[in-house]
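These notes are about the structure you will find just below.
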Amino acid sequence: MTFIQKWLDAVDRKGSILCVNIDPAEPQQRANGVLPAGMSKLDWSLKLVEAVSPYAAAIKPNRQYFKDFSRDEMVQLNQAIHKHGMVSIDDSKIADIGDTNDAALYHAAQEGFDAVTYAPFPGNIAATCEAAKKHGMGLIPLVLMSNPEYAVMKNIPIAGQAFYEYLARESAAHDADGVVVGAPSAKNHLSLEELQRVKELIGPRTVLVPGIGAQGGDLEPIVNTFGDYAIVSVGRAIAYNDDPAATARNYFELIQKLRLS
Ligand SMILES: O=C(O)c1cc(=O)[nH]c(=O)n1[C@@H]1O[C@H](COP(=O)(O)O)[C@@H](O)[C@H]1O
């Protein structure tokens with residue numbers, strides 16, 4: 001089954017398009033938004049998965065925060081995500097030569113992920129899409145990032161089009177399962193027109209949308225543009241709130257209003 005189908009099934013099952021990012025920072029790592037002292041990363045992550053599971057259809061662990069995890073720990077986390085009827089996205093943003101990307105996809109498959117994020121800047125979209133299919137993994141290339149600095153990249157002309165259009169077009173041409181498009185906000189560079197352009201170029205594929213919550217992104221243009229193909233991702237605003245379940249429910253309800261209007 002393709003990742004797109006897995007996602008649409010999860011949306012049906014859960015009645016939600018919310019994805020919760022798990023980015024567990026260690027207490028000594030930064031001042032705010034960290035794991036409680038003395039609590040294991042795995043226990044904290046499993047507790048979060050359970051708390052948000054009534055309101056979310058996907059979980060996205062960011063690999064930079066899990067460098068210390070064993071395969072067994074990652075397998076346990078993915079089993080919990082699947083037990084609750086959600087899909088699991090390995091946010092690795094792989095970005096290397098073919099054999100190395102293949103290694104990342106192999107490990108993601110062994111750990112039980114459903115899809116992997118990919119930074120297509122080495123120019124090997126075709127080969128990486130093929131490798132993802134070989135491993136039964138969904139592949140989600142970055143197209144429009146949410147960070148303000150991406151403004152310097154997105155319109156660089158390439159093959160007669162803007163860089164982001166090129167990435168969206170290539171992702172669709174090689175049958176990637178989706179793309180990453182950040183949520184427009186007052187602080188970043190993203191516009192409704194760009195969202196619509198990406199939709200036009202990729203057709204019915206998933207769109208992983210980070211940038212809601214801590215980064216101040218706007219829900220409305222995302223849900224209105226991409227509908228149930230939008231994997232609406234919220235991280236710190238839920239994970240580090242005193243009541244993650246209640247916060248996930250609030251986001252779920254905000255999204256539902258837009259989905260059903
Ligand atoms: O690929 C991503 O998920 C991603 C792409 C992007 O353009 N912007 C972005 O914030 N992300 C990731 O999405 C998550 C955002 O987390 P919060 O800002 O806490 O909701 C982090 O794990 C980021 O690494």
Side-chain angles (χ1 to χ4, degrees), residues 3 7 17-26 29-35 41 44-45 48 52 55-56 58-67 69 77 87-95 104 108 113-121 128 132 137-154 163-164 167-168 171 176-191 194-195 198 205-219 221-222 226 230-241 244 247-248 250-252 254-255:
F3 175 70
W7 167 249
I17 57 171
L18 177 65
C19 169
V20 177
N21 307 323
I22 314 193
D23 296 5
E26 299 180 1
Q29 187 179 327
R30 61 190 185 201
N32 300 306
V34 295
L35 294 173
K41 198 173 281 186
W44 183 83
S45 301
L48 180 61
V52 304
Y55 313 109
I59 299 286
K60 180 176 74 69
N62 187 314
R63 285 313 277 256
Q64 305 306 330
Y65 291 83
F66 288 96
K67 297 274 190 195
F69 253 33
L77 181 57
V87 298
S88 183
I89 301 170
D90 170 359
D91 188 5
S92 279
K93 299 185 186 68
I94 56 175
F113 283 102
D114 299 297
V116 182
T117 58
Y118 162 59
F121 313 117
T128 312
M137 281 288 102
L139 192 76
I140 313 183
L142 299 172
V143 164
L144 277 169
M145 293 198 68
S146 66
N147 57 308
E149 302 86 349
Y150 193 67
V152 303
M153 302 288 291
K154 66 178 181 180
F163 185 51
Y164 85 89
L167 295 177
S171 299
D177 300 80
V179 296
V180 178
V181 173
S185 81
K187 291 185 219 149
N188 73 21
H189 52 89
L190 293 159
S191 70
E194 288 165 345
L195 267 51
V198 170
R205 291 172 205 283
T206 59
V207 182
L208 175 65
V209 189
I212 307 291
Q215 298 178 52
D218 196 359
L219 279 173
I222 297 162
F226 300 117
I231 304 175
V232 180
S233 305
V234 185
R236 287 162 290 179
I238 290 177
Y240 295 110
N241 190 281
T247 319
N250 286 345
Y251 277 104
F252 166 78
L254 284 172
I255 296 167

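Counting starts at 1 for both ligands and their atoms, in listed order.
Remark: minimum distance from atom 16 (O) of ligand 1 to any protein heavy atom is reached at N21 ND2, 3.4 Å. R236 NH2, 2.7 Å is the protein heavy atom nearest to atom 18 (O) of ligand 1. Among protein heavy atoms, the minimum distance from atom 20 (O) of ligand 1 is reached at G235 N, 2.9 Å. Nearest to atom 8 (N) of ligand 1 among the protein's heavy atoms is S146 OG, 2.7 Å. Of the protein's non-hydrogen atoms, N62 ND2, 3.0 Å is the one closest to atom 24 (O) of ligand 1. Atom 13 (O) of ligand 1 has K60 NZ, 3.3 Å as its closest protein atom, hydrogens excluded (heavy atom only). Scanning the protein heavy atoms around atom 22 (O) of ligand 1, the nearest turns out to be D23 OD2, 2.7 Å. Looking at atom 5 (C) of ligand 1, its nearest protein heavy atom turns out to be P210 CG, 3.5 Å.
You'll find the side chain of L139 stays beyond 4.5 Å of the side chain of F3, heavy atoms only. Annotation: side chain of L167 is in contact with side chain of F121 (closest heavy-atom distance under 4.5 Å). R63 is listed as a side-chain neighbour of F113, based on a closest heavy-atom distance under 4.5 Å. Using a 4.5 Å cut-off on side-chain heavy atoms (C-beta onward), I222 and I212 make contact.
Checking K93, R63, Q215 against atom 15 (C) of ligand 1, the nearest heavy atom belongs to Q215.
The shortest separation from a heavy atom of V180 to ligand 1 is under 4.0 Å, placing the residue in contact. Residue contacts with ligand 1 do not include I89, since none of its heavy atoms lies under 4.0 Å from the ligand. Within the 4.0 Å heavy-atom shell around ligand 1 one does not find V181. Residue contacts with ligand 1 do not include Q64, since none of its heavy atoms lies under 4.0 Å from the ligand.
Distance OH/Y118 to OG1/T128: 3.5 Å, rounded to 0.5 Å.
Per-residue contacts place L142 under 4.0 angstrom from the following atoms of ligand 1 (heavy atoms of the residue considered): 1 (O). Proximity to I212 (heavy-atom distance under 4.0 Å) selects the following atoms of ligand 1: 20 (O).
For ligand 1, the polar-atom distance check finds no N/O of L144 at less than 3.5 Å from any of the ligand's N/O atoms. Taking distance alone, with nitrogen or oxygen atoms compared against 3.5 Å, N147 stays at or beyond that limit from ligand 1. For ligand 1, the polar-atom distance check finds no N/O of S233 at less than 3.5 Å from any of the ligand's N/O atoms.
No donor-acceptor distance shorter than 3.5 angstrom exists from the side chain of H189 to the backbone of V152, with no hydrogens or angles considered. A donor-acceptor pair under 3.5 Å links the side-chain atoms of K41 to the main chain of Y65, judged by distance alone.
With respect to D23 and R236, no salt bridge is recorded, no charged nitrogen being found less than 4.0 Å from a carboxylate O.
Under the 3.5 Å distance criterion, with hydrogens and angles disregarded, a donor-acceptor pair is assigned to the side chains of D91 and T117. Side chain to side chain, N147 and E149 meet the donor-acceptor criterion of an N or O pair below 3.5 Å.
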Audit row: W44, F66, ring pair (Phe, Tyr, Trp, His ring centres under 6.0 Å) steps and yes/no | CA-CA 12 Å; W44 183 83; F66 288 96; 8.7 Å; no

